[in-house]
Amino acid sequence: MAELTYREAVAHGIAQEMRRDPSLVMLGEDIAAAGGVFKTTVGLLDEFGPLRVRDTPISEQAIIGAAMGAAMTGVPVIAEIMFSDFLAVCWDMIANELAKSRYMTNGQVSFPMVIRTANGGGARFGAQHSQSVENWAMMIPGLKVVAPATPVDVVGLMAASIRDPDPVVFFEHKSLMAAKGTVPDGEVVDRLGTARVVKEGTDLTIVALALMVPRALEAAARLDEAGISAEVIDVRSLVPLDAQTILESVSRTGRLFTVEENPRMCGWGAEVVSIVDEEVFWDLDGPSIRITTPHIPLPAAAALEDMAIPGVNRIYETILKSVDGPGEAR
Amino acid sequence: MAELTYREAVAHGIAQEMRRDPSLVMLGEDIAAAGGVFKTTVGLLDEFGPLRVRDTPISEQAIIGAAMGAAMTGVPVIAEIMFSDFLAVCWDMIANELAKSRYMTNGQVSFPMVIRTANGGGARFGAQHSQSVENWAMMIPGLKVVAPATPVDVVGLMAASIRDPDPVVFFEHKSLMAAKGTVPDGEVVDRLGTARVVKEGTDLTIVALALMVPRALEAAARLDEAGISAEVIDVRSLVPLDAQTILESVSRTGRLFTVEENPRMCGWGAEVVSIVDEEVFWDLDGPSIRITTPHIPLPAAAALEDMAIPGVNRIYETILKSVDGPGEAR
Amino acid sequence: MPTDYRYDYSRRDPRLPPPVDRALEHAPIPEDVRLGMYRKLQELRQFGKRAHDLFLQNLVKGTTHLSLGMEAVATGFGAAMRPGDYSFATYRGHAHSLARGVDPGAALAELLGRENGVLGGKGGSMHLTDVAKGMMGSYAIIGAHLCIANGAAWSAQMRGTEQVAVAFFGDGTTNIGAFHEALNMAQVWKLPVVFVCENNLYMEYTPIDLVTAVEHPAAGRAASYGMEPIVVDGNDPDAVYLVATRVLERARRGAGPSLVEAITYRSGGHSRADPGKYRPAAEVEAWAGHDPIPLYHSRLLAVGVPEATLGTIQREVAEVVDAATEFARAGREPGEPSLLTEVFADGGSRWRN
Amino acid sequence: MPTDYRYDYSRRDPRLPPPVDRALEHAPIPEDVRLGMYRKLQELRQFGKRAHDLFLQNLVKGTTHLSLGMEAVATGFGAAMRPGDYSFATYRGHAHSLARGVDPGAALAELLGRENGVLGGKGGSMHLTDVAKGMMGSYAIIGAHLCIANGAAWSAQMRGTEQVAVAFFGDGTTNIGAFHEALNMAQVWKLPVVFVCENNLYMEYTPIDLVTAVEHPAAGRAASYGMEPIVVDGNDPDAVYLVATRVLERARRGAGPSLVEAITYRSGGHSRADPGKYRPAAEVEAWAGHDPIPLYHSRLLAVGVPEATLGTIQREVAEVVDAATEFARAGREPGEPSLLTEVFADGGSRWRN
Ligand SMILES: Cc1ncc(C[n+]2csc(CCOP(=O)(O)OP(=O)(O)O)c2C)c(N)n1
Ligand SMILES: Cc1ncc(C[n+]2csc(CCOP(=O)(O)OP(=O)(O)O)c2C)c(N)n1
Ligand SMILES: [Mg+2]
Ligand SMILES: [Mg+2]
């Protein structure tokens with residue numbers, strides 16, 4: 001058992017896998033000598049050397065292309081795209097090439113690769129360095145999508161992503177970097193496509209991801225005090241999606257709330273609501289409510305950013321109002 | 001009154017606006033001398049000359065950048081991105097720069113520009129030239145998103161998009177290019193943010209977009225014969241979204257079906273379902289059902305592509321089964 | 001405002017082919033290699049014509065981009081490459097596929113969207129791939145595959161296999177960002193990769209010189225990446241073969257990447273039924289006089305190959321292409337089950353439990 | 001595997017500054033221009049130091065990228081540009097903003113996330129913009145703004161205004177695709193745009209030469225776009241001013257775009273509290289000896305400006321920066337209403353009825 005920060009867990013998880021598989025390599029901007037701008041790859045160059053841990057030019061398309069070409073010829077790769085906003089710079093590589101090539105070639109090519117990227121807000125970096133773009137990846141068939149909320153999940157899901165034969169976009173949350181948690185000794189390997197009930201409850205279900213998980217938990221604790229028993233689910237992996245865990249919970253509680261950091265439209269929560277609506281409609285006791293960042297670019301000023309991203313208060317108030325609301329009275 | 005094809009309507013609408021506003025210019029690959037690969041810009045070079053209708057290199061980032069820089073300094077621009085799949089090549093320009101700059105600068109810059117692009121499947125072009133990516137644009141705050149289904153809407157919404165002071169992504173559907181319709185003489189100007197009830201009905205509401213509109217209409221006609229009265233709404237504009245028209249209809253009919261050409265996850269229909277669920281839940285008589293392309297890249301073979309994209313039969317059968325289904329019996 | 005005549009591209013001055021380099025008759029190329037190239041040229045040409053016919057018969061749906069007139073580039077490189085080498089092509093990838101030994105029947109069946117197509121009908125004309133043959137894919141969005149080719153080369157470098165990756169692309173592709181990123185990274189990492197620009201003077205319907213800052217869209221950029229500017233007559237199989245041999249060897253011994261600009265010309269249109277009317281008639285005609293097939297036919301006669309040998313090859317290839325056509329036409333339409341396969345490596349498309 | 005010493009970048013050979021060009025003392029630059037540049041240099045330096053202090057006091061949140069040591073580039077260009085010209089900068093845009101006359105108080109308030117910031121706190125340190133001053137924005141994702149600058153230049157060309165657009169960017173930016181697309185289009189359309197690469201030898205924490213195929217990341221690529229390779233001492237305001245004057249004039253008279261590589265050095269880290277330890281100590285020291293402020297101070301003394309004049313300027317600027325700091329610190333935090341404004345041109349963020 002070790003106490004690790006989320007940031008340390010990234011390097012820890014990667015190192016575990018690079019020790020296991022001597023063919024695994026990584027590349028990205030400032031990941032080697034500098035240990036990454038978020039210090040998530042510290043120590044890897046020293047342990048694994050410059051041939052396996054490579055600094056690149058600012059050429060995101062070339063980075064993803066290099067990873068793809070290596071992966072399709074038998075070398076598994078971890079590519080870093082420094083900020084998830086920059087996925088846009090290489091979106092053709094990811095959405096049109098990486099995601100589609102297996103299907104287009106009827107299975108002739110495989111891409112055992114992970115694209116790691118720092119995602120999310122709260123760091124006051126402004127609109128171009130703060131987005132939560134898990135839905136960008138989720139909407140593209142052929143990609144798997146993971147977003148851990150805790151250090152142990154970082155390690156376990158990183159290992160699972162690296163071992164997965166498909167391309168995985170792995171979102172590391174900037175505002176969780178300093179969060180601490182225990183990680184078991186020895187090899188830690190998790191499974192993609194498994195959500196986790198992080199708090200049990202009976203009155204309603206809150207589905208959250210990444211930074212929204214601790215906030216949802218805190219709101220749920222306050223709801224408990226108000227006599228409302230909320231179940232909280234950490235989705236962890238958007239693709240594959242553990243729909244069963246969500247459906248089972250919502251069927252039981254009768255109410256669904258999503259907490260999404262993304263701007264509202266076409267967020268992952270919309271998809272979850274539509275699945276729930278389609279499959280367990282008759283178990284619902286009221287409308288499904290999405291708590292999201294408003295549909296705006298993220299502002300830089302601390303005061304504004306904190307208003308934009310769902311916080312404990314907003315989650316708590318929204319849920320409280322909704323379960324007490326006129327709908328329920330009807 | 002003239003009978004125009006959808007493809008002719010594009011040039012017609014652009015010409016109307018270029019005559020009105022002598023500062024309006026356009027640029028794109030093969031749009032001038034060749035009249036566009038879909039022949040949607042035929043005649044514009046001849047009428048407006050090479051300074052207002054410009055052929056470009058294959059440089060989508062430079063194309064969007066040129067449009068942005070011109071628009072922000074007072075020259076309204078129409079930029080063509082040949083296939084909507086290629087939005088990925090310049091996604092940073094669109095999602096991170098164009099969409100966010102007004103907000104980031106607190107309103108100092110405006111982008112009176114339209115990005116026209118050929119969208120959608122049915123042409124057997126395969127996974128990289130057939131996508132329906134309206135949701136890519138819809139999910140980015142700061143963009144407006146339009147997708148007409150008929151020649152007259154092409155003209156009217158094109159005019160509205162060009163006159164709009166915000167950036168509009170204008171999706172022209174490849175499989176509707178040859179569709180014909182009448183267009184009134186004289187200036188035609190429509191309004192963004194207005195959906196249209198294209199068939200009235202009382203039992204359920206079908207919400208569709210672009211190529212899915214005629215298919216939904218045909219399915220609705222068959223449902224009529226089966227004694228089921230379906231209302232069909234052509235969304236036309238995803239941003240701004242005419243939520244009122246949809247909510248009013250669903251409140252009345254009690255059932256919602258979306259017909260989406262996009263692969264399922266995070267499609268525009270998910271957003272519509274979540275809005276309906278949140279706002280008129282108590283008026284719903286059954287689950288909202290999404291009829292979409294499966295979550296796969298699009299195959300090239302005609303036989304496969306036709307199975308993938310929602311067709312009249314699938315729409316009809318899905319709805320029939322759902323309104324007759326066990327849910328209703330409960 | 002009347003349109004400036006320069007915007008009727010067919011009225012511009014024609015851009016003429018280079019003279020045939022007679023000295024290449026004496027190039028040190030073994031006769032069996034030359035006969036192999038002649039056979040391949042014939043295969044690519046006859047396959048291309050057949051694909052065109054099938055398109056006009058509405059059997060090839062969607063679109064198709066042929067290499068008619070441009071076959072010598074694929075041929076020369078195909079002859080110089082080793083079996084383990086990697087090829088990456090664009091939507092205009094039929095010639096490059098066949099040049100690596102992809103079965104013409106499976107390729108044609110793919111164009112027809114049949115189950116026996118090399119991609120089961122899922123990819124179509126723009127995406128021919130046959131990994132077993134080193135044909136690592138045809139990519140239909142400009143630029144990306146140059147970056148992917150780097151990756152295959154990087155992998156070969158790491159695995160120490162002496163494989164080389166070759167990326168083929170058009171003149172128009174030199175103006176997209178990915179071109180720049182790929183070439184820079186290739187040089188910085190000294191990757192065993194060769195970038196081959198097939199400069200057919202047109203980016204779709206637009207003359208390349210009107211949208212490019214330098215005369216040679218590829219060679220004129222080589223210095224930016226510390227590479228030698230190489231221009232070759234892309235319609236002369238021997239010339240291409242010699243250059244290919246040199247740059248492949250260079251890559252194989254670890255000396256790094258190369259960029260080759262092969263000047264060539266489409267005898268037909270850009271895609272589908274494009275008649276190519278945006279090109280000056282005199283230009284089309286001049287290039288017809290520099291077509292690789294008669295050019296190479298004359299070359300082989302000049303070096304002493306009997307006419308009859310060439311005739312036999314032509315007929316043998318005709319039989320191959322006929323058989324391929326039969327094979328393709330006999331294929332079934334792919335069925336429902338295959339729709340949902342191979343999105344993920346487990347063979348399926350399940351995105352949820 | 002032990003790490004090769006070359007990967008401890010601080011142990012590489014230092015890259016030294018050029019010698020000061022004494023001949024520039026005789027450059028035909030009016031004294032008022034020179035004194036203006038000295039004042040601007042001081043303003044940029046003192047502003048940068050103040051921003052750094054406020055960051056260390058945790059008043060600047062998030063991140064901030066300073067131009068300490070690099071001020072001569074913004075200064076020289078700022079002095080040569082006309083009021084209507086357009087500037088486009090990166091996240092490292094404070095100097096370029098001030099050089100165009102953006103109010104230091106409003107800029108500093110923006111860094112502090114205050115309502116009286118030039119962007120009302122919405123943009124932050126990386127996005128300074130003041131359209132009224134021709135400062136058309138600071139863009140934080142590498143590459144895009146070169147393309148946008150083209151557009152402003154295209155607009156000026158169409159409107160016939162003789163305005164020029166200038167895009168400033170780093171050495172690392174030369175390896176991204178958008179750089180290539182922008183430069184090619186600029187030349188093909190003969191746009192009145194100037195691309196200015198501030199080569200400070202590092203792309204964040206990585207030495208630029210380790211990731212670039214040519215020695216000069218910008219000038220070494222100029223020929224690809226039919227441009228002249230221009231390298232200038234970016235720490236010498238006079239040298240920059242002369243080059244700027246020349247390329248701006250060229251653009252203004254319709255002769256097309258230019259690419260300038262100004263060699264310079266960050267005296268501090270890349271951003272935030274980065275100590276910059278990846279750089280050889282001897283290198284940091286050598287460049288400290290080539291700092292633009294003492295360099296220009298000596299130059300002005302050498303051409304006969306009295307020490308006292310310079311001292312007065314320094315003190316006046318100090319007052320300006322103190323006042324700016326007061327102004328910024330006195331600003332309120334932006335409130336709820338502004339959160340939802342200016343997504344769209346109607347002033348709001350409504351995406352539905
Ligand atoms: C990013 C991108 N932009 C545009 C297109 C559309 N397009 C297909 S082929 C083509 C012309 C390509 O010209 P070139 O590179 O010279 O190749 P050629 O077709 O002549 O072989 C264009 C613009 C595309 N496929 N991808
Ligand atoms: C597309 C993109 N990739 C990566 C980054 C992260 N990043 C910010 S600054 C920087 C280094 C830029 O170096 P250079 O262009 O030399 O400018 P400098 O910071 O030295 O002024 C990097 C990689 C980014 N902002 N955008
Ligand atoms: Mg070409
Ligand atoms: Mg730099």
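Chain letters run A, B, ... following the sequence lines, proteins first and then strands; every chain starts at 1. What you are looking at is a predicted structure, and each value in this text was computed from that prediction instead of being measured.
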Heaviest contributor of heavy-atom pairs below 4.5 Å to chain B, chosen from C:Arg350, C:Lys61, C:Glu342, C:Met126, is C:Met126
Residues B:Ile58, C:Phe179; criterion side chain to side chain contact (heavy atoms under 4.5 Å, CB included); working and verdict:
CA-CA 11 Å; B:Ile58 309 178; C:Phe179 168 87; over 6 Å; no
Under 4.5 Å to a heavy atom of chain C? For B:Val89 that would be side chain
- Distance-only side-chain donor-acceptor flag, C:Tyr278 / B:Asp30, under 3.5 Å: no
Turns out that what part of B:Ala32 lies under 4.5 Å from chain C's heavy atoms comes down to neither
Looking only at C:Gly143, C:Gly335, C:Gly120, the option with the highest number of non-hydrogen pairs under 4.5 Å against chain B is C:Gly335
Of all heavy-atom pairs linking C:Pro334 and B:Ala303, the shortest is O-CB, 3.8 Å
Bottom line for C:Arg332: the part with an atom under 4.5 Å from chain B's heavy atoms is neither
Practice problem: Show your working on side chain to side chain contact (heavy atoms under 4.5 Å, CB included) between B:Met82 and C:Glu204 and close with a plain yes or no. | Solution: CA-CA 12 Å; B:Met82 195 184 287; C:Glu204 236 163 31; 3.0 Å; yes
Scored by heavy-atom pairs under 4.5 Å with chain C, the best of B:Gln61, B:His295, B:His129 is B:His129
When rounded to the nearest 0.5 Å, the distance separating CZ of B:Phe86 from CD1 of C:Ile142 is 7.5 Å
Heavy-atom nearest pair, B:Ile296 first then C:Val343, reads CG2-CG2, 3.5 Å
OG (C:Ser338) and CE (B:Met307) are apart, to the nearest 0.5 Å, by 7.0 Å
Turns out that what part of B:Thr56 lies under 4.5 Å from chain C's heavy atoms comes down to backbone
message: Surrounding CZ of B:Arg19 (heavy atoms of other residues, nucleotides or ligands, distance under 6.0 Å), is the total greater than 12?
response: yes
Output for pair (C:Leu210 CG, B:Asp55 CG), nearest 0.5 Å, gives 8.5 Å
Checking B:Arg264 against C:Trp351 for the side chain to side chain contact (heavy atoms under 4.5 Å, CB included) test, could you report, in this order, the C-alpha distance in whole Å, the side-chain angles of both residues, the deciding distance, and whether it holds? CA-CA 10 Å; B:Arg264 167 157 186 145; C:Trp351 50 268; 4.0 Å; yes
C:Tyr9 and B:Ala33 have their tightest heavy-atom pair at CE1-CB, 3.2 Å
Closest heavy-atom pair, C:Tyr139 versus B:Gln128, reported as atoms and distance to 0.1 Å, is C-OE1, 3.9 Å
Looking only at B:Ser59, B:Pro294, B:Gly122, the option with the highest number of non-hydrogen pairs under 4.5 Å against chain C is B:Ser59
Comparing C:Gly124, C:Gly177, C:Gly121 against chain B, the one with the most heavy-atom pairs below 4.5 Å turns out to be C:Gly121
Max heavy-atom pairs within cutoff under 4.5 Å with chain B, candidates C:His270, C:Glu333, C:Met203, goes to C:Met203
Comparing C:Leu112, C:Thr174, C:Thr206 against chain B, the one with the most heavy-atom pairs below 4.5 Å turns out to be C:Thr206
Heavy-atom closest pair (B:Leu304 atom, C:Lys122 atom, distance to 0.1 Å) is CD1-CG, 3.9 Å
